[in-house]
Amino acid sequence: MAEPLKRLWKFLNTDVGDLFSAETLKDGVDSAKAVLELAKTLKEQGSNVGQLAPLVGRISTLLDVLNLPLVQVVGAGLPFVSIATGFLKFYLEKSQQELTLAQCTALVSQAAYLESLQALLSLPENQVWLEQISQTPASAPVEQEIVKLGEWELDEEQAKKAVVCFHESRLAKNFNKILITRLQDAGIGATKANILTQRIAWNTTRYINQAIASQADQVKPLAELYRTGGRELLEKYQSLDSYLEEQIATKPLEKVFAEEFTFQDIYVPLKVKPVNDNGDVAQKAKPLGLETWAKTMLNESQKQDKVMFIQGGPGRGKSVFCRMFADWVRQQLHPVWTPVLIRLREIRTFEKNFEATLQAAVKANFARDHRWLYDRNTRFLFLLDGFDELLMERRSSEGLKEFLLQVGQFQRDCQQSPEMGHRVLITGRTLALQSIERLMPNNLERVEILLMDKELQQQWLSKWEVQVGTDKTRAFQQFLQDQHCPQRVRELAQEPLLLYLLAAMHRDDEFKRRQKAVRQSRCRRLGRGQKGNTGTPSGSLQGESIVGIFKGADSTTAKILIYEKTLDWVLTKQRPQWLNRELTEQDTEDLRRILTEAGLCVVQSGGECASVRMIETRLKGDHTVKELLEEARKSLKDNPLRNALAAFYLQAAAGSKEGAVEFAHKSFGEFLCAERLKESLENWTETGKRGRGFNLPEEQLHWEIYDLLGYGGLTPEIVEYLMALLKTIPEGARESEFRPVKLFQRLEDFYVRWCEGEFIDLAEETFAQRKTRQLQKQGIQLGQRQVDVYAGLNVMILLLELHRYALSRDELEAQIVFYPCGQYDTEGFDKTRLLYIISYSDCVGIGGFLEVVGGFLSGAYLRGAYLRGADLRGADLRGADLRGADLRGADLSGADLRGADLRGADLRGADLRGADLRGANLRGADLRG
């Protein structure tokens, strides 16, 4: 039977009528004050009938307290739940009668709602605006609405719904209506009032459960509810609170690398543009604030089935956005939305069901229950950071496709199920999506992070000024605005990571130090660098500006210069405490050696982190670093190498049991890996005395190829760094140690022999076996065939890059020409070679060749190649020579064939959907079907 709330409150003096004498209500403020006095009396006098009686009659509902100024409600610090439970106890003692569930809920829900309101408005982030709003009592119309609330009827069925899921109940809708009106009455905008009210309603269930727990042993209806799950709910809320406090609230407060300031101190919100289904950025679209877009997507009812996908290049601020936005959701939207931040690199187990994958990834008690995603009182926002950093086996086209399809289906399920309603946001590098554009689920809402415009740069510099001072900030601005500052450097300064690195090194006068070193090395080359003479030479070097360091550098070279300078800066300015002496030149080289080996280990381990044991193992044979490591051991306990690495933008990898490190930013690891590869590629072409023969024997060369390249596909970023490093003349050197013709000859010889199976078809131990054992000891699960495939494909990538490099050099064009199938119409031509390689590469996964080499085939010489039925989806074949190639039935969907020479090619039955054929020469090509 339904009863008005007012009557359900008045049952207290109806059943104990001789104890209470109801007073006539004067106005809303009077009844609100009565609530305050009642709370104080319960606290001080307990269930003193004489004191309580006159107060009860003056109250319509506990929500009468909203008639007071909101600041007064919050400032009073009333224990509303204690009021309700205390009054329940009082009633039971005096009447000796059981209460109905509706009666209990009527009282407890009001108290819990007000407790939730008080808790939210008491948060530090709400204090400023709370003090700015109206300090007057409720207006007459609002006061009337509060009085009317007492006439609303609550039956047993509605009471059950309110206890199980308060924010979805009719009781919540009525409370919310009153509160929104009261908040707007106090001067709060409609949008903010609605968000605050939703958060209060969602959090009310928590306080209802507290009331149930405190009276479960005395009130029968509450005891039944507590017995059927109340304890578990309280433990869940405690676990959620701990997770948000320890894993989310701390993220913005973590220090930036080795600095004293935090991410929060220098963070500025970025801008994005939409990305269409073809993966193209909508250039004509108006830029949107990234946070604004995410907030809109989160609450837009028509897009609850959409996965939010944020893409961008390295160093664009994807991970920093995740940590900042997760905390914003915690502060401004929880518990309507509860943020869960997951770095995808840390997921070690991928289940067939995405729900199970999430449960394994969220290491908190609230996720242990198998029904944790089906609680109507909790709605999660999962921020999955680093799509491109998934475990190696997941980074194949099929693996990425499967993962995204799982996420897409999970989001649809959430939209369709009233018990779920969660949202997913993913971030990742743009390049990671190139090979799977056509395979992606159709419910991704994609945006790409834009470079920082002048407005955002100025916002960032304003925050930088707070940290380093006005003088240094202005000097840095002048550096960027100097008319001689290369355009490439200005462009790179639009990327958040590189802007920070440039600013930090400029702050520490690192450019001046570098400028001096460059001058000295030039002096030595000019014969003017006599001992004791470090002055500025005459002529063209006089008055060289700092911006001259970057003069003539393209985008990649400028980026490398910044990373090189970062490395020098880290080794000299940021060195660890155990190196409290001046570094010798040898020390610096030894430390660089450790870091480049760490970069290689991180990349070989899957691109995210590497075990300290793996790094140590690779360094054991290097006698040059022994003394430095011994010095570290004398000064450091535990694992000395791990502590030494920690100073150089490496940090302990989360979730590692045996000790592992990861670079603070993925780009550092990629760059250092490229440095390590460069060192070996140069060593491979060193010649003996008088230029006769190679210093490195052939067998040792082949082992080093397997050791360095037999781990997984070279990424475009690493290859880009590597080629730029090879072309750069080291500081102080007379000439480059890059000998492209000799390198090409040695790699081509390996490639041809690898294609013939020479290195894998041996009776004795093979290089692939040796490398496999090495990797498996470090927990990297690759088999012999995978190692062999990766070694060959990575050499093929290097040959293709050398081929492209030679095309831009007249003196090399005739000496370096790479024919993947051998030169057409010669004895060495094997038209099926590439198709064989494509098939063999399926050992690493379906589409393995496409995944590893597909992005490096531009300009390839494939004349007359037999590629019938080949999978070349999305391959970069710009400018490729495919004259007379047999491409019958080949899958070229989404392939980039701009400028390709397809004269006489047989394309019967080929799939060309979405292929870009602009500028392609198709004369004589057979296009039937």
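Small disclaimer: the values here were computed from a predicted structure and weren't measured.
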Peer 1: So, T338 side chain and H334 main chain: donor-acceptor pair closer than 3.5 Å or not?
Peer 2: no
Peer 1: With distance as the sole test, does R379 use its side chain to make a donor-acceptor pair with the main-chain N or O of V336 at under 3.5 Å?
Peer 2: yes
Peer 1: Output all residues satisfying side chain to side chain contact (heavy atoms under 4.5 Å, CB included) with A674, sequence neighbours left out; order by chain, then residue number.
Peer 2: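 So A674 forms a side chain to side chain contact (heavy atoms under 4.5 Å, CB included) with I718, Y721, L722, L725.
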Peer 1: Test side-chain hydrogen bond (donor to acceptor under 3.5 Å, both in side chains) on T191 and N194; report intermediate values, then the result.
Peer 2: CA-CA 5 Å; T191 301; N194 184 60; over 6 Å; no
Peer 1: Below 30° counts as parallel, above 60° as perpendicular, anything between as tilted: where do the rings of F166 and Y113 land?
Peer 2: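 Judged by the thresholds at 30° and 60°, the geometry between F166 and Y113 is tilted.
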Peer 1: Can you tell me how far apart CG (L672) and CD (E670) are? Round to the nearest 0.5 Å.
Peer 2: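 CD of E670 is found 10.5 Å from CG of L672.
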Peer 1: How long is the span from the CG atom in L270 to the CD atom in E291, to the nearest 0.5 Å?
Peer 2: 8.5 Å
Peer 1: Got a sec, which residues hit side chain to side chain contact (heavy atoms under 4.5 Å, CB included) with Q118, two or more places apart in sequence or on another chain?
Peer 2: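 Scan of Q118 (side chain to side chain contact (heavy atoms under 4.5 Å, CB included), adjacent residues dropped) gives L78, F80, E115, S122.
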Peer 1: Please report the closest heavy-atom contact between K273 and P287, naming both atoms and the distance.
Peer 2: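 It is CE-CG, 3.9 Å.
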Peer 1: Just verifying a value: how many Å separate Y207 OH and L117 CG, rounded to the nearest 0.5 Å?
Peer 2: 10.5 Å
Peer 1: For atom CD of E125, decide whether the heavy atoms of other residues, nucleotides or ligands shown that lie under 6.0 angstrom number more than 12.
Peer 2: yes
Peer 1: Is the side chain of T357 donor-acceptor paired with the backbone N or O of E351 at a distance under 3.5 Å, no angle test?
Peer 2: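 Answer holds: yes.
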Peer 1: Ring centroids only, cut at 6.0 angstrom: are F354 and F382 within range, meaning strictly under it?
Peer 2: no
Peer 1: Just wondering, more than 12 heavy atoms not from R474 lying within 6.0 Å of its CZ?
Peer 2: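 12 or below, so no.
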Peer 1: How about CD on E254, more than 12 heavy atoms from neighbouring residues, nucleotides or ligands closer than 6.0 Å, or not?
Peer 2: yes
Peer 1: Examine distances only and state if a side-chain atom of N443 and a backbone atom of G408 form a donor-acceptor pair shorter than 3.5 Å.
Peer 2: yes
Peer 1: Could you list the donor-acceptor pairs under 3.5 angstrom formed between side-chain atoms of residues 448-459 and any protein atom two or more places apart in sequence or on another chain?
Peer 2:
from	atom 1	to	atom 2	distance (Å)
E448	OE1	Q311	NE2	2.8
E448	OE1	T430	OG1	3.4
D453	OD1	E455	N	3.2
D453	OD1	L456	N	2.9
D453	OD2	K271	NZ	2.7
E455	OE1	K271	NZ	3.1
Q457	NE2	A493	O	2.9
Q458	OE1	Q477	NE2	3.2

Peer 1: Over 60° means perpendicular and under 30° means parallel, so tell me whether F309 and F387 are parallel, tilted or perpendicular.
Peer 2: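 If you compare the ring of F309 with that of F387, the planes turn out perpendicular.
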Peer 1: With no hydrogens and no angle check, is any side-chain donor or acceptor of R368 less than 3.5 Å from a backbone partner on Q359?
Peer 2: yes
Peer 1: Can you list the steps and then say if L425 with F321 is a side-chain contact (heavy atoms from CB on, under 4.5 Å)?
Peer 2: CA-CA 11 Å; L425 182 152; F321 162 76; 4.2 Å; yes
Peer 1: Got L358 and I342 here, is their nearest side-chain heavy-atom distance under 4.5 Å?
Peer 2: yes
Peer 1: Do the non-hydrogen side-chain atoms of M308 and K303 ever get within less than 4.5 Å of each other?
Peer 2: no
Peer 1: Any side-chain heavy atom of T378 sitting closer than 4.5 Å to one from K236?
Peer 2: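 Side-chain contact under 4.5 Å: yes.
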